[in-house]
Protein chains: 2
Amino acid sequence: MAKPRYRRRKEDRPAEITDAAMAAFAEKGYAATRVEEVAKRAGVSKGLLYLYFKTKEDLFKAVIRNFVSPRLDALIGNIEDSDLTAEQFLRGPFLDFAKTVPKSPARILIRLMVAEGPKHPDLIAWYWENVVSKGLQAIRLVLEKGVQNGEFRRSALDDFPQLLISPILFSTVWTTLFDPHQKLDTDGFMESHIDFVLHSIKVDKT
Amino acid sequence: MAKPRYRRRKEDRPAEITDAAMAAFAEKGYAATRVEEVAKRAGVSKGLLYLYFKTKEDLFKAVIRNFVSPRLDALIGNIEDSDLTAEQFLRGPFLDFAKTVPKSPARILIRLMVAEGPKHPDLIAWYWENVVSKGLQAIRLVLEKGVQNGEFRRSALDDFPQLLISPILFSTVWTTLFDPHQKLDTDGFMESHIDFVLHSIKVDKT
DNA sequence: ACCCTTGCTGACCGGCAGGTCATTAATATA
DNA sequence: TATATTAATGACCTGCCGGTCAGCAAGGGT
């Protein structure tokens, strides 16, 4: 009747390990995180971790892939099957999304991408295809819809849809670096930005 | 008459070493750069490096301090002793600055700050005091001047001067990560951004 | 109850990189 | 030229950490 020293749970292990890794990377960054530390957090031996992930780098990539895709897909799904006007979409779901990111655990990922990305070109490639280019495409879709509706005029935003997401990156980075020195009201920040952009691209109705 | 194996150049060494470190960090990032590699680039032995910098971390901080301050001071100096209008300043020297950063070696520093910053709180503190808060203050000055002139109305930008610099961070990050996949015309990007902002805050003269 | 498969453990290894220090050689001084 | 000073070297040490592997034990099959 001895208490078993462990249980076999092949199914759950990978997710538990990536979760633990996410938390660890968030606190210490990639290079400074020891694989054993990740294992310990996951309640697992280092050896087991290496059964599921070939290398530390492999683990890192898995972390990114796991956390990013679901979030973005949710947002994009929102665009297609909603009947909001373009402005309503930007002030509604998009703004919500933008406000959420800097506060969510996902913000850590952004920092990790910036920090470690250049060392993992294939990861960047994946991220580009599955996240960034998709996201930009979605924004273009919204803008085009706005133009078709007569809400928006054509503007530089058509060439630089990135302008819409730039403050997301900014407030995320700001929060992780400078919050102790000066808080940034990320919600107000995002709202103001959207205001400015919309003010510039909206067709004057008067 | 044997050729000397080295020369004593106490004065120049530190700068040469930080230059070398800057280049090395730029290529490989902080953690992946070996101290010996830095020494080699500087044409110096590892031992000597440790005469001038107590630790690797120390070296890192010196690199940041060396490269950042001069640049920013130059820009800020520009504000005070120019008689440009606020708009002229934003479309002139400020825009030039913003266009330059993502192309200059300084862009590496931004990545390094994002990547390594959280592990060096005292460095962040220094950066906050000597770079960021100074810069924000300068922007506020320009905005206030604009308001006094009757060029600008008061706007959310007074509360969030960061909106002006956010695309600098963005285009820098974009360039280092995604350039191989999709080039970003950083000049056009910055110009469009300034256009949008000015369009929103300018007092209507009609 | 007995295998037999396989999820899981943890002691171990090898190499690497940050940091030290005894020694050397270039200059300053006289 | 002789001596003192110190910039500079590079071999060396040490601890750490990614990665391995021989073996153990959980739990399914019969």
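Protein chains get the first letters and strands the later ones, always in sequence-line order, with residue 1 at the start of each. Bear in mind the structure is a predicted one, so any value in this text is a computation, not a measurement.
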Could you check how far [atom1] of [X] sits from [atom2] of [N], rounded to whole Å?
| X | N | atom1 | atom2 | value |
| --- | --- | --- | --- | --- |
| A/Leu51 | C/dT9 | CG | P | 9 Å |
| A/Glu16 | C/dC8 | CD | C1' | 13 Å |
| B/Ile17 | D/dA7 | CD1 | C1' | 12 Å |
| B/Lys40 | D/dT9 | NZ | P | 13 Å |
| B/Glu36 | D/dA11 | CD | C1' | 11 Å |
| B/Leu49 | C/dA17 | CG | C1' | 13 Å |
| B/Lys10 | C/dA28 | NZ | P | 13 Å |
| A/Glu37 | D/dG18 | CD | C1' | 15 Å |

**OP:** Report yes if a side-chain nitrogen or oxygen of B/Tyr52 is closer than 4.0 Å to either non-bridging phosphate oxygen (OP1 or OP2) of D/dA8; otherwise report no.
**Re:**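 So the side-chain polar atoms of B/Tyr52 do come within 4.0 Å of the phosphate oxygens OP1 or OP2 of D/dA8, strictly under.
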Original post:
Are A/Arg34 and D/dC16 close enough that a side-chain N or O sits under 4.0 Å from OP1 or OP2?
Top reply: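 No.
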**OP:** Quick one: closest heavy-atom pair of B/Val114 and A/Leu177, and the distance?
**Re:**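 That closest heavy-atom pairing would be CA-CD1, 4.4 Å.
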Mutual orientation of the aromatic rings belonging to [X] and [Y] [parallel < 30°, tilted 30-60°, perpendicular > 60°]:
| X | Y | result |
| --- | --- | --- |
| B/Phe25 | B/Phe60 | perpendicular |
| A/Trp128 | B/His181 | parallel |
| B/Phe160 | A/Phe189 | perpendicular |

Subject >> Which residue lies more 5' along DNA chain C, comparing A/Arg7 with B/Tyr30 via nearest heavy atoms >> reply: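 Nearer the 5' end of the strand: A/Arg7.
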Subject >> 5′-ward residue of the pair A/Gly43/B/Thr33 relative to DNA chain C >> reply: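 It is A/Gly43, whose closest nucleotide lies nearer the 5' terminus.
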Subject >> Annotated protein contacts, base or backbone, on nucleotides 19-25 of chain D with a non-hydrogen cut-off under 4.0 Å, one of B, S, - each >> reply: BBB---B
Original post:
Can you tell if the side chain of A/Glu37 reaches within under 4.5 Å of the side chain of A/Lys46, non-hydrogen atoms only?
Top reply: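 Not in contact.
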Subject >> Backbone of B/Arg34 reached by a side-chain donor or acceptor of B/Lys28 within 3.5 Å >> reply: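 No, B/Lys28 side chain to B/Arg34 backbone: no donor-acceptor pair under 3.5 Å.
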**OP:** Using the ring of A/Tyr30 (Phe, Tyr or Trp, six-membered ring only), decide whether A/Lys56 places NZ or CZ under 6.0 Å from its centre and within 45 degrees of its axis.
**Re:**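 Yes, A/Lys56 and A/Tyr30 form such a contact.
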